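From a predicted model like this one, the values you see are computed outputs, not experimental measurements. Labels below follow one simple rule: chain letters A, B, ... track the order of the sequence lines, proteins then strands, and each chain is numbered from 1.
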Protein chains: 2
Amino acid sequence: MISKKIEEAVKRIKPLDEKLLEQTQKRLDNLTKPLGSLGRLEELAKQVVAITGKEKPELKKKVIFTLAGDHGVVEEGVSCYPKEVTPQMVYNFLRGGAGINVLARHVGAKVVVADIGVAEKIDVTNPEFKDKKINFGTKNFTKGPAMTEDKAVKSIEAGIELVEEELKNGIDIIGTGDMGIANTTPSSAITSVICGVDVEKVTGRGTGIDDKMLKNKIASIKKAIALNKPDKKDGIDILSKIGGFEIGGLTGIILAGASHKIPVVIDGFISGAAALLAYTFQPTVVEYLIASHCSVEQGHKIILKHLGLKPVLDLNLRLGEGTGAALGINIVVAGCKILAEMATFENAGVSKKME
Amino acid sequence: MISKKIEEAVKRIKPLDEKLLEQTQKRLDNLTKPLGSLGRLEELAKQVVAITGKEKPELKKKVIFTLAGDHGVVEEGVSCYPKEVTPQMVYNFLRGGAGINVLARHVGAKVVVADIGVAEKIDVTNPEFKDKKINFGTKNFTKGPAMTEDKAVKSIEAGIELVEEELKNGIDIIGTGDMGIANTTPSSAITSVICGVDVEKVTGRGTGIDDKMLKNKIASIKKAIALNKPDKKDGIDILSKIGGFEIGGLTGIILAGASHKIPVVIDGFISGAAALLAYTFQPTVVEYLIASHCSVEQGHKIILKHLGLKPVLDLNLRLGEGTGAALGINIVVAGCKILAEMATFENAGVSKKME
């Protein structure tokens, strides 16, 4: 039951122009360096050219969307932090003290913080805060669907709106981020269903749970899937039954980014689950995605493999919030600067390779 | 035959204080994130604290030393670029058009360019250029030693001097970089000898040579080792017989950095060979090193394993110049900012992990 707004975004996502990739490689090959010697930086530059249609894209306006939501399944004891941490961290984001704030400042990115389903009212007037609350947390999906289909649709639409609203200020590259105590639980459930992989293989320790809690987490996910029977080909069905509001919102961010020809740098496991959902609507969306890093959370590798994405960084991160995306954005920017700023063999008077 | 200047630098290199590592981990564990969830960033921050002895190190002055030298072995046909490219690239560095210039600007680092053994006179008055020329290139080491022992010592001393001269402007973190047509050839020779690994396993395609040239390159290295018989435990002997001036200079940079308690971010294969030489003088030096990335050049993995270093990035780079070091520095800075700028659980009013 996809809405008109979602459908329009999905329809605008077109395959990248192969010719632009080839032309850009030719440009890169004329710069003063051995052919292909800047490896991944060259690949990233090519991808951004093909996404944006710009010959030498400048990625000045970097925006990380960090979406917060709560999860009814927290009452099953799947996290080692209390759910109060979700709103507490939203306040921390807005005061600039969280990991994502530090890393976003480091790379010159703006952080747009949105409440899309926190279980408490967020009481602020900060201009960087966006109130997109759809509900006070999801329901416990071991007892029924996490949310109604209508609210699943609304969460994706909220993500699309966040991008559209920010477009007025300009966006050259997007990073995705999440905050939500217990949100590796729905992310594992989504990954298991869409990738068709056993729950055990896609369920990790999240914020650091012990063996007993991990066993309980796996059992809760299995119960939820057995009870709700999500259809692996239907993104809205999956999101409503075993998802979360911030995951739906990030799905919207991803679809909107691709539909507006903006490269989207996805963060870790939660953002990965959102990318899987976006993929159910339009597989072409992956051409617009850059996987910033490979998370410690074990299901993330399976997501990246399913989407055919190769992570830029592998720094043993598992914080979320968009922290990996921030660092990934900085590498993408480096690639684009190589393309725009390096001298050619001709300009620099440097001899080319001998034949 | 190590000189007094080198000996003094070597003697000042002391093991890191384990207590500082522990104290810093405690500080990191009190920041608003799950324990250990920033993985490698946390490890890097701890290492920099232990190296510098500063509680919250600020890495403002970032200096990349890019040393250029030529290699007599180029006449054996081991590179697909003519040796004129070495001085041409030095001019390119000084005009700001090379890969290292772009990436150093991106991360806010200064590039100090030095001629330590280019086969042509470099005719400039640029203040960022350092004339440390020891000779007009090395001799062809398939026919005898690459340089005299005296010049090997002088090349290491030149590296130490470069750091000492720049210390007047302040250095918080060092990156190493190289330029020298054919310099993967001596680097492979050094790696084979010090790591005790077959020449075939440590010899790659450098700037992109074909199968025939690769065979010839391997044969040249084998011939040089058989003829010169370097002593694997004697860094000066190895450097003089099968090394290069920029490699010796980088050995000096590494030793000087460690001796002044400055973290040294090493670039790729050539810098790795210099690190191996530094290690022959003082194995403790590795505690001061951060391996920025894993190069495509196959011998680099073997160097990193020998030194027990884990690369921060893996971006399929093989350009040298310090390009990988520039990107690596930026990740190290990110780690230090996490330590210095993130809020604690107490300050932010965020609940801690439940017991």
Side-chain angles (χ1 to χ4, degrees), chain A residues 31-41 43 79-82 84-85 88-89 91-92 95-99 101-103 105-107 206-208 296 312-321 323 326-327 330-331 333-334 337-338 340-344 347-355, chain B residues 31-41 43 79-82 84-85 88-89 91-92 95-99 101-103 105-107 206-208 296 312-321 323 326-327 330-331 333-334 337-338 340-344 347-355:
Chain A
L31 303 177
T32 50
K33 57 174 185 52
L35 295 179
S37 60
L38 282 176
R40 197 70 202 274
L41 294 182
E43 288 172 22
S79 177
C80 48
Y81 285 83
E84 288 69 33
V85 168
Q88 287 166 351
M89 285 301 295
Y91 292 116
N92 197 15
R95 277 191 305 261
N101 302 109
V102 176
L103 297 182
R105 283 196 296 268
H106 179 54
V107 306
T207 47
V296 174
V312 174
L313 301 166
D314 190 359
L315 297 169
N316 283 325
L317 308 179
R318 53 180 173 82
L319 176 57
E321 301 178 3
T323 47
L327 296 175
N330 208 38
I331 303 285
V333 173
K337 285 183 178 174
I338 285 292
E341 298 180 20
M342 265 186 79
T344 61
N347 288 345
V350 174
S351 307
K352 282 194 158 186
K353 190 173 174 178
M354 297 179 288
E355 296 300 331
Chain B
L31 304 176
T32 49
K33 57 175 185 50
L35 294 180
S37 60
L38 282 174
R40 198 68 200 275
L41 294 183
E43 288 173 22
S79 175
C80 48
Y81 285 82
E84 288 69 33
V85 167
Q88 287 166 352
M89 284 302 295
Y91 292 116
N92 196 15
R95 278 191 306 260
N101 302 109
V102 175
L103 297 182
R105 282 196 297 267
H106 178 54
V107 307
T207 46
V296 173
V312 175
L313 301 166
D314 191 359
L315 298 169
N316 283 325
L317 308 180
R318 54 180 173 82
L319 176 56
E321 301 179 2
T323 46
L327 296 175
N330 209 37
I331 303 286
V333 173
K337 285 183 177 173
I338 285 294
E341 299 179 20
M342 264 187 79
T344 61
N347 288 345
V350 173
S351 309
K352 282 195 159 187
K353 190 173 173 178
M354 298 179 287
E355 296 301 330

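- Counting heavy-atom pairs closer than 4.5 Å to chain B, the top-ranked of the candidates A:K352, A:E43, A:E321 is A:K352.
- Distance check: B:K33 NZ to A:N92 CG gives 12.5 Å after rounding to the nearest 0.5 Å.
- Counting heavy-atom pairs closer than 4.5 Å to chain B, the top residue among A:A348, A:A343, A:G39, A:S351 is A:S351.
- The side chain to side chain donor-acceptor pair (under 3.5 Å) test applied to A:S37 returns no partner, not counting sequence neighbours.
- When heavy atoms are compared at a cutoff of 4.5 Å, A:T32 approaches chain B by way of both its backbone and its side chain.
- When A:R40, A:Q88, A:R95 are compared by the number of non-hydrogen pairs under 4.5 Å with chain B, A:Q88 comes out ahead.
- For A:Y81, the parts sitting under 4.5 Å from any heavy atom of chain B are the backbone and the side chain alike.
- Of the residues considered (A:V85, A:L313, A:T323, A:V107), A:V85 shows the highest number of contacts with chain B, using heavy-atom pairs under 4.5 Å.
- Residue A:N101 does not touch chain B at all, counting heavy-atom pairs closer than 4.5 Å.
- Of the two parts of A:S79, only the backbone, made up of N, CA, C and O, holds a non-hydrogen atom closer than 4.5 Å to a non-hydrogen atom of chain B.
- Contact count versus chain B (heavy atoms, under 4.5 Å) is highest, among A:V296, A:D314, A:L327, A:L319, for A:L319.
- When the side chain to side chain donor-acceptor pair (under 3.5 Å) test is applied to B:K353, no partner is found at least two apart in sequence or on another chain.
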